[in-house]
Amino acid sequence: MTTIATTTVRPIPVRLAYDYDPDVLAVPGMDLGLVDLREDPEEAAIRWFHEGIRKVTLPGLVDLAAAGRDGDPQLRADMVRRLVLVRELTGHGVAVEWRLRLGRNADEHWSALRHLQPPTELLMPDEVSTDPAQALSEWRSGFYLDMCTYRLGPGFVQIRDRRTGKLNLITIDDADYLAVMRTLDTGAELRGPSLDIAREFAAEGLVMNVGTTLVWLPYRLRRWPLPSLVV
């Protein structure tokens with residue numbers, strides 16, 4: 001597998017709280033204020049969940065439009081880390097307050113991201129036909145946990161994707177495909193045979209491009225939201 005070197009990671013400010021209810025947040029000590037995210041977003045989400053954090057706020061925008069057109073590798077890395085953080089917090093059931101701006105592929109991207117907790121604001125370019133207010137309303141009304149998830153087995157990964165309203169069940173057991181999936185989990189730039197595999201994942205809606213960086217979209221299944229016979 002061939003990947004392209006990534007840029008230096010810089011801290012991202014986030015606001016942490018022990019609850020998401022405004023009345024509870026008024027109690028001293030419940031809102032921890034701003035902290036810097038310096039570690040891997042997946043590791044941070046796990047740690048915060050076990051520490052009792054139940055709401056995370058990302059100041060500023062998850063600006064996929066700027067990351068796609070600007071060409072600044074540092075900006076692109078920041079946006080990828082923000083997106084991965086939203087994915088992981090969703091997987092843990094931690095409330096996340098975030099704002100999203102989409103670029104020229106907005107029609108495709110908002111549908112691909114609707115398994116994540118809905119943003120508080122959704123921005124799209126003027127040339128896109130989709131009304132952002134209507135798209136956000138559909139996102140909010142249709143969202144539920146575990147809409148697009150994966151679970152790990154011995155030597156395989158099973159993906160359960162219901163973003164289209166129907167269950168798309170995908171099992172990955174090829175070692176090369178599993179390796180590419182792991183590489184894309186926190187975002188990567190690929191070339192060669194690995195890029196071909198990533199394109200197959202993208203055709204299934206499992207990978208999104210943020211500029212030249214490819215990002216894995218499903219989050220890991222942490223717990224069954226319904227009785228096992230229903231799922």
Side-chain angles (χ1 to χ4, degrees), residues 11-64 67 78-102 109-124 132-151 160-163 185-187 208 210 215-227 230-231:
I12 296 173
V14 296
R15 190 181 189 102
L16 305 181
Y18 286 122
D19 207 284
Y20 46 82
D21 187 302
D23 293 332
V24 176
L25 290 176
V27 176
M30 297 301 293
D31 187 339
L32 302 181
L34 288 173
V35 302
D36 282 338
L37 170 64
R38 298 179 182 274
E39 61 197 287
D40 181 283
E42 294 184 59
E43 296 175 359
I46 293 171
R47 179 170 61 84
W48 291 339
F49 177 79
H50 288 294
E51 290 175 355
I53 300 300
R54 293 299 177 265
K55 180 181 178 182
V56 177
T57 302
L58 276 70
L61 278 170
V62 178
D63 196 340
L64 302 185
D78 286 354
M79 294 306 126
V80 167
R81 293 182 71 228
R82 288 170 183 264
L83 186 62
V84 170
L85 180 62
V86 173
R87 184 196 69 198
E88 293 304 300
L89 292 172
T90 300
H92 283 277
V94 175
V96 54
E97 187 173 302
W98 63 303
R99 299 165 58 232
L100 174 64
R101 175 183 285 148
L102 298 174
H109 282 177
W110 87 264
S111 296
L113 294 173
R114 63 190 306 173
H115 63 300
L116 305 180
Q117 292 188 52
T120 57
E121 183 180 13
L122 178 61
L123 303 172
M124 295 187 182
Q134 179 63 31
L136 183 55
S137 176
E138 291 181 21
W139 193 336
R140 288 170 175 166
S141 63
F143 171 77
Y144 57 88
L145 289 176
D146 298 324
M147 182 183 288
C148 182
T149 64
Y150 70 91
R151 56 178 180 168
R160 304 173 70 89
D161 183 4
R162 291 187 174 89
R163 287 171 296 178
D185 200 38
T186 53
M208 173 180 288
V210 179
V215 186
W216 181 257
L217 294 180
Y219 47 84
R220 183 177 175 182
L221 181 65
R222 303 289 178 177
R223 56 190 177 186
W224 292 112
L226 297 169
V230 176
V231 177

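Across all their heavy atoms, Glu121 and Leu136 have their closest contact at CA-CD2, 4.2 Å. The shortest heavy-atom contact between Leu25 and Met30 is CA-CB, 4.1 Å. Residue Met147 comes nearest to Gly142 through the heavy atom pair CE-O, 3.1 Å, listed as atom of the first residue, atom of the second, then distance. Between Met124 and Pro132, the shortest heavy-atom contact is CG-CB, 4.2 Å. Between Lys55 and Ile53, the closest heavy-atom pair is O-CG2, 3.6 Å. Nearest heavy atom pair, residue Pro13 against residue Pro59, reads O-CD, 3.2 Å.
Residues passing the side-chain contact (heavy atoms from CB on, under 4.5 Å) test with Asp40, sequence neighbours excluded: Glu42, Glu43, Thr186. Here Arg15 pairs with Asp31 under the salt bridge (charged side-chain N to carboxylate O under 4.0 Å, His left out) rule; sequence neighbours left out.
Between the NE2 atom in His109 and the CZ atom in Arg101 there is a gap of 15.5 Å [rounded to 0.5 Å]. For the atom pair CG (Leu100) and CG (Leu123), the distance works out to 7.5 Å, reported to the nearest 0.5 Å. With rounding to the nearest 0.5 Å, the separation of CZ in Arg99 from CG in Leu122 is 11.0 Å. For the atom pair OH (Tyr150) and CZ (Arg220), the distance works out to 6.5 Å, reported to the nearest 0.5 Å. Arg114 CZ to Leu217 CG: the interatomic distance, rounded to the nearest 0.5 Å, is 14.0 Å. In this structure, NE2 on His115 lies 9.0 Å from CZ on Phe143, to the nearest 0.5 angstrom.
Looking only at side-chain heavy atoms (C-beta outward), Leu116 and Val62 stay at 4.5 Å or farther from each other. At least one side-chain heavy atom of Pro119 sits under 4.5 Å from a side-chain heavy atom of Trp139. Looking only at side-chain heavy atoms (C-beta outward), Met208 and Leu64 come within less than 4.5 Å of each other. Side-chain contact between Trp48 and Leu89 is present, with at least one heavy-atom pair separated by less than 4.5 Å. At least one side-chain heavy atom of Leu85 sits less than 4.5 Å from a side-chain heavy atom of Val14. Counting only heavy atoms from C-beta outward, the side chains of Pro218 and Thr149 never approach each other to under 4.5 Å. The side-chain heavy atoms of Arg87 and Asp185, taken from C-beta on, include a pair separated by under 4.5 Å.
None of Thr120, Val56, Val86 except one satisfies the side chain to side chain contact (heavy atoms under 4.5 Å, CB included) rule with Trp98; the exception is Val86.
In this structure, Asp146 does not pair ionically with Arg151, as no charged nitrogen and carboxylate oxygen lie closer than 4.0 Å.
For Arg54 (side chain) and Phe49 (main-chain N/O), a donor-acceptor pair under 3.5 Å exists by modelled atom type. Thr90 contributes a side-chain N or O that, together with a main-chain N or O of Gln117, makes up a donor-acceptor pair within less than 3.5 Å. Remark: side-chain polar atoms of Arg163 are not paired, donor with acceptor, to backbone N or O of Ser111 under 3.5 angstrom.
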